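Below: one structure, written as C-alpha coordinates.
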Amino acid sequence: MRKVVPVAFFDRPTPLVARALIGKFLVRKRAGKEEAYMIVETEAYHGFEDKASHASRGKTLRNTPMFGSPGTIYVYYTYGMHWMFNVVCGKKEFPGAVLIRGVESIRGPARLTKTLGIDKELNTKKIGKVSGVWIEDRGITISPRAIQKTHRIGINYAQEWAEKPWRFIYKNKEPLR
DNA sequence: GCAGTGATCATA
DNA sequence: ATGATCACTGCC
(Lines give C-alpha, C1' and ligand atoms only; values in the text may rest on other atoms or scores of the structure.)
Protein backbone atom coordinates (compact mmCIF):
# COMPACT_ATOMS: atom_id res chain seq x y z
CA MET A 1 0.00 0.00 0.00
CA ARG A 2 1.46 3.27 -1.10
CA LYS A 3 -0.76 6.29 -1.44
CA VAL A 4 0.16 9.96 -1.75
CA VAL A 5 -1.87 11.80 0.87
CA PRO A 6 -4.32 14.28 -0.68
CA VAL A 7 -4.54 17.99 0.06
CA ALA A 8 -7.67 17.33 2.15
CA PHE A 9 -5.44 15.58 4.68
CA PHE A 10 -4.00 18.99 5.59
CA ASP A 11 -7.34 20.78 5.62
CA ARG A 12 -7.93 19.92 9.28
CA PRO A 13 -6.91 21.33 12.66
CA THR A 14 -3.14 21.49 12.87
CA PRO A 15 -2.61 19.35 15.99
CA LEU A 16 -4.73 16.63 14.42
CA VAL A 17 -2.65 16.70 11.25
CA ALA A 18 0.57 16.62 13.30
CA ARG A 19 -0.69 13.50 15.04
CA ALA A 20 -1.79 11.89 11.79
CA LEU A 21 1.61 12.47 10.17
CA ILE A 22 3.34 10.12 12.60
CA GLY A 23 3.89 6.89 10.71
CA LYS A 24 3.43 8.48 7.29
CA PHE A 25 6.40 8.73 4.96
CA LEU A 26 8.16 11.88 3.89
CA VAL A 27 9.31 11.34 0.33
CA ARG A 28 11.92 13.50 -1.37
CA LYS A 29 12.79 13.24 -5.02
CA ARG A 30 15.91 14.93 -6.34
CA ALA A 31 17.91 14.27 -9.46
CA GLY A 32 15.52 11.46 -10.32
CA LYS A 33 16.07 9.61 -7.08
CA GLU A 34 13.51 9.06 -4.37
CA GLU A 35 14.20 8.75 -0.65
CA ALA A 36 11.45 7.93 1.82
CA TYR A 37 11.58 8.17 5.60
CA MET A 38 8.92 7.43 8.17
CA ILE A 39 7.94 10.53 10.13
CA VAL A 40 8.52 10.07 13.86
CA GLU A 41 8.30 13.55 15.34
CA THR A 42 6.11 16.57 14.58
CA GLU A 43 4.93 19.77 16.20
CA ALA A 44 1.80 21.82 15.55
CA TYR A 45 1.63 25.61 15.36
CA HIS A 46 -1.95 26.66 15.34
CA GLY A 47 -3.67 30.00 14.83
CA PHE A 48 -3.07 33.67 15.59
CA GLU A 49 -3.32 33.19 19.33
CA ASP A 50 -0.56 30.61 19.57
CA LYS A 51 2.27 32.69 20.95
CA ALA A 52 4.80 30.12 19.83
CA SER A 53 3.72 30.53 16.22
CA HIS A 54 5.36 32.91 13.78
CA ALA A 55 1.82 34.04 12.96
CA SER A 56 1.08 35.28 16.48
CA ARG A 57 1.92 38.84 15.46
CA GLY A 58 0.07 38.72 12.18
CA LYS A 59 1.23 38.25 8.64
CA THR A 60 4.80 39.24 7.78
CA LEU A 61 7.04 38.66 4.79
CA ARG A 62 8.51 35.51 6.30
CA ASN A 63 5.35 33.84 7.56
CA THR A 64 3.12 34.57 4.56
CA PRO A 65 3.21 30.91 3.42
CA MET A 66 1.51 29.95 6.71
CA PHE A 67 -1.57 31.79 5.45
CA GLY A 68 -1.63 29.83 2.22
CA SER A 69 -3.91 26.97 1.30
CA PRO A 70 -3.53 23.59 3.00
CA GLY A 71 -0.56 21.65 1.69
CA THR A 72 1.58 24.73 1.13
CA ILE A 73 5.23 24.26 2.07
CA TYR A 74 6.64 26.73 4.59
CA VAL A 75 10.43 26.69 4.85
CA TYR A 76 12.21 29.29 6.90
CA TYR A 77 15.79 30.03 7.88
CA THR A 78 16.85 30.42 11.50
CA TYR A 79 19.88 30.77 13.76
CA GLY A 80 21.87 31.93 10.77
CA MET A 81 22.30 28.38 9.48
CA HIS A 82 19.26 26.14 9.69
CA TRP A 83 16.26 25.47 7.44
CA MET A 84 12.97 24.35 9.01
CA PHE A 85 10.39 22.42 7.03
CA ASN A 86 6.67 22.83 7.68
CA VAL A 87 3.45 21.87 5.96
CA VAL A 88 0.62 24.39 6.14
CA CYS A 89 -2.73 23.24 7.53
CA GLY A 90 -6.21 24.63 7.61
CA LYS A 91 -8.06 26.97 5.29
CA LYS A 92 -6.40 29.72 3.34
CA GLU A 93 -5.77 32.77 5.55
CA PHE A 94 -5.83 30.66 8.69
CA PRO A 95 -2.23 30.39 9.96
CA GLY A 96 -1.37 26.83 10.86
CA ALA A 97 1.59 24.62 10.15
CA VAL A 98 3.19 21.36 11.21
CA LEU A 99 6.93 21.35 11.75
CA ILE A 100 8.48 18.03 10.77
CA ARG A 101 10.98 17.56 13.56
CA GLY A 102 12.24 14.09 12.82
CA VAL A 103 12.07 11.05 10.64
CA GLU A 104 13.33 7.55 11.17
CA SER A 105 17.14 7.71 11.19
CA ILE A 106 17.28 11.51 11.01
CA ARG A 107 16.44 13.27 14.24
CA GLY A 108 16.19 17.02 14.43
CA PRO A 109 14.41 19.45 12.11
CA ALA A 110 17.56 21.13 10.80
CA ARG A 111 19.42 17.87 10.21
CA LEU A 112 16.41 16.62 8.30
CA THR A 113 16.36 19.55 5.88
CA LYS A 114 20.10 19.38 5.44
CA THR A 115 20.03 15.67 4.61
CA LEU A 116 17.07 15.94 2.25
CA GLY A 117 18.21 19.12 0.53
CA ILE A 118 15.24 21.19 1.63
CA ASP A 119 15.75 24.95 1.57
CA LYS A 120 14.05 28.17 0.46
CA GLU A 121 13.65 26.81 -3.07
CA LEU A 122 10.69 24.81 -1.75
CA ASN A 123 9.16 27.62 0.29
CA THR A 124 5.59 28.47 -0.87
CA LYS A 125 5.44 25.44 -3.17
CA LYS A 126 2.67 22.88 -2.87
CA ILE A 127 3.52 19.59 -1.25
CA GLY A 128 3.19 16.90 -3.90
CA LYS A 129 5.06 15.09 -6.64
CA VAL A 130 5.43 18.26 -8.69
CA SER A 131 7.53 20.00 -6.03
CA GLY A 132 9.59 16.89 -5.28
CA VAL A 133 8.40 16.59 -1.66
CA TRP A 134 5.31 14.71 -0.65
CA ILE A 135 3.77 12.52 2.04
CA GLU A 136 2.80 8.90 1.51
CA ASP A 137 0.59 6.57 3.49
CA ARG A 138 2.30 3.21 3.31
CA GLY A 139 -0.28 1.37 5.34
CA ILE A 140 1.42 1.56 8.70
CA THR A 141 -0.95 1.98 11.63
CA ILE A 142 0.51 3.48 14.76
CA SER A 143 -1.45 2.77 17.91
CA PRO A 144 -2.25 5.75 20.15
CA ARG A 145 -0.18 4.12 22.88
CA ALA A 146 2.91 4.31 20.69
CA ILE A 147 2.60 8.08 20.30
CA GLN A 148 3.97 10.26 23.02
CA LYS A 149 2.34 13.68 23.32
CA THR A 150 4.48 16.35 24.95
CA HIS A 151 4.79 20.10 25.13
CA ARG A 152 6.65 21.79 22.30
CA ILE A 153 10.33 22.59 22.75
CA GLY A 154 12.56 25.54 21.99
CA ILE A 155 9.70 27.99 22.57
CA ASN A 156 9.96 28.85 26.24
CA TYR A 157 9.14 32.47 25.43
CA ALA A 158 5.57 31.41 24.55
CA GLN A 159 4.46 31.17 28.17
CA GLU A 160 1.31 29.08 28.64
CA TRP A 161 1.29 28.18 24.96
CA ALA A 162 4.54 26.30 25.49
CA GLU A 163 2.61 23.82 27.60
CA LYS A 164 0.15 22.73 24.91
CA PRO A 165 0.63 19.04 24.09
CA TRP A 166 1.26 19.70 20.43
CA ARG A 167 4.45 17.71 19.96
CA PHE A 168 4.04 14.13 18.79
CA ILE A 169 6.75 11.49 19.00
CA TYR A 170 6.68 7.90 17.85
CA LYS A 171 7.96 5.71 20.65
CA ASN A 172 9.74 2.90 18.91
CA LYS A 173 8.53 0.27 21.37
CA GLU A 174 5.92 -1.61 19.45
CA PRO A 175 6.29 -3.56 16.24
CA LEU A 176 4.84 -1.97 13.12
CA ARG A 177 2.18 -3.72 11.21
C1' DG B 1 26.51 24.19 29.40
C1' DC B 2 26.84 27.45 25.45
C1' DA B 3 28.92 29.51 20.92
C1' DG B 4 28.01 29.99 16.20
C1' DT B 5 25.59 32.54 12.62
C1' DG B 6 22.76 35.88 9.85
C1' DA B 7 17.88 36.79 8.31
C1' DT B 8 13.94 38.88 10.18
C1' DC B 9 11.18 42.04 12.62
C1' DA B 10 10.00 45.77 15.88
C1' DT B 11 11.37 50.12 17.11
C1' DA B 12 12.61 54.54 15.80
C1' DA C 1 19.31 52.27 10.62
C1' DT C 2 19.92 49.39 14.55
C1' DG C 3 19.64 45.76 17.92
C1' DA C 4 17.33 41.70 19.93
C1' DT C 5 15.71 37.50 18.82
C1' DC C 6 15.54 32.85 17.18
C1' DA C 7 10.19 26.36 16.06
C1' DC C 8 18.74 24.46 16.27
C1' DT C 9 23.06 21.84 16.35
C1' DG C 10 27.33 20.28 17.78
C1' DC C 11 30.95 20.62 20.65
C1' DC C 12 32.53 21.70 25.52
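In the text below, chain A, chain B and the rest are named by the order of the sequence lines, each starting its count at 1. Given the structure is predicted, the values throughout are model-derived calculations rather than measurements.
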Could you tell me whether A:L99 contacts a base, only the sugar-phosphate backbone, or nothing, with contacts defined as non-hydrogen atoms closer than 4.0 Å? base
Return the value, rounded to whole Å, for the distance between atom OH of A:Y79 and atom C1' of B:dG4. 12 Å
Under 4.0 Å, counting only non-hydrogen atoms across every strand here, what does A:A110 touch: a base, just sugar-phosphate, or nothing? sugar-phosphate
Smallest heavy-atom separation, A:A20 atom then A:R12 atom, equals CB-NH2, 3.8 Å
Pair A:Q159, A:Y157: side-chain N/O donor-acceptor within cut-off below 3.5 Å: no
Sugar-phosphate only, base, or nothing, as touched by A:R152 at under 4.0 Å among non-hydrogen atoms: nothing
What's A:M84 touching, base or sugar-phosphate or nothing? Going by heavy atoms closer than 4.0 Å. sugar-phosphate
Under 4.0 Å between any heavy atoms, over every strand shown, what does A:T78 touch: base, sugar-phosphate, or nothing? Just pick one. base
Flag yes if more than 12 heavy atoms outside A:R138 fall under 6.0 Å of its CZ atom; otherwise flag no. yes
Let me know the distance between CG of A:D50 and C1' of C:dA7, rounded to the nearest Å. 10 Å
Provide, to the nearest angstrom, the distance between the NZ atom belonging to A:K59 and the C1' atom belonging to B:dT8. 17 Å
Can you measure A:M81 atom CE to B:dA3 atom P for me and round it to whole angstrom units? 13 Å
Walk me through whether A:E43 and A:R101 qualify under salt bridge (charged side-chain N to carboxylate O under 4.0 Å, His left out). CA-CA 7 Å; A:E43 266 180 2; A:R101 294 193 63 92; 3.4 Å; yes
Calculate the interatomic distance between A:I106 atom CD1 and C:dC8 atom C1'; express it in whole Å. 16 Å
Applying the Watson-Crick and G-U wobble criteria at under 3.5 Å, what pairs with B:dA10? Answer none if nothing qualifies. C:dT2
Which class fits the ring pair A:F94 and A:H46: parallel under 30°, tilted 30 to 60°, perpendicular over 60°? tilted
Under 4.0 Å between any heavy atoms, over every strand shown, what does A:Y45 touch: base, sugar-phosphate, or nothing? Just pick one. base
When you measure from the side-chain N and O atoms of A:H82 to the phosphate of B:dT5, is any distance below 4.0 Å, counting only OP1 and OP2? no
Looking at B:dC9, B:dA7, C:dC8, which one has an atom nearest to any side-chain atom of A:Y77? B:dA7
Euclidean distance, atom CZ of residue A:R111 to atom P of C:dC11 [Å, nearest integer]: 10 Å
Between C:dA4 atom P and A:Y157 atom OH, what is the distance in whole Å? 18 Å
Please give, in whole Å, the distance from C:dA7 C1' to A:F85 CZ? 14 Å
Looking at A:R62, I'd like to know whether one of its side-chain N or O atoms comes within less than 4.0 Å of OP1 or OP2 on C:dC6. no
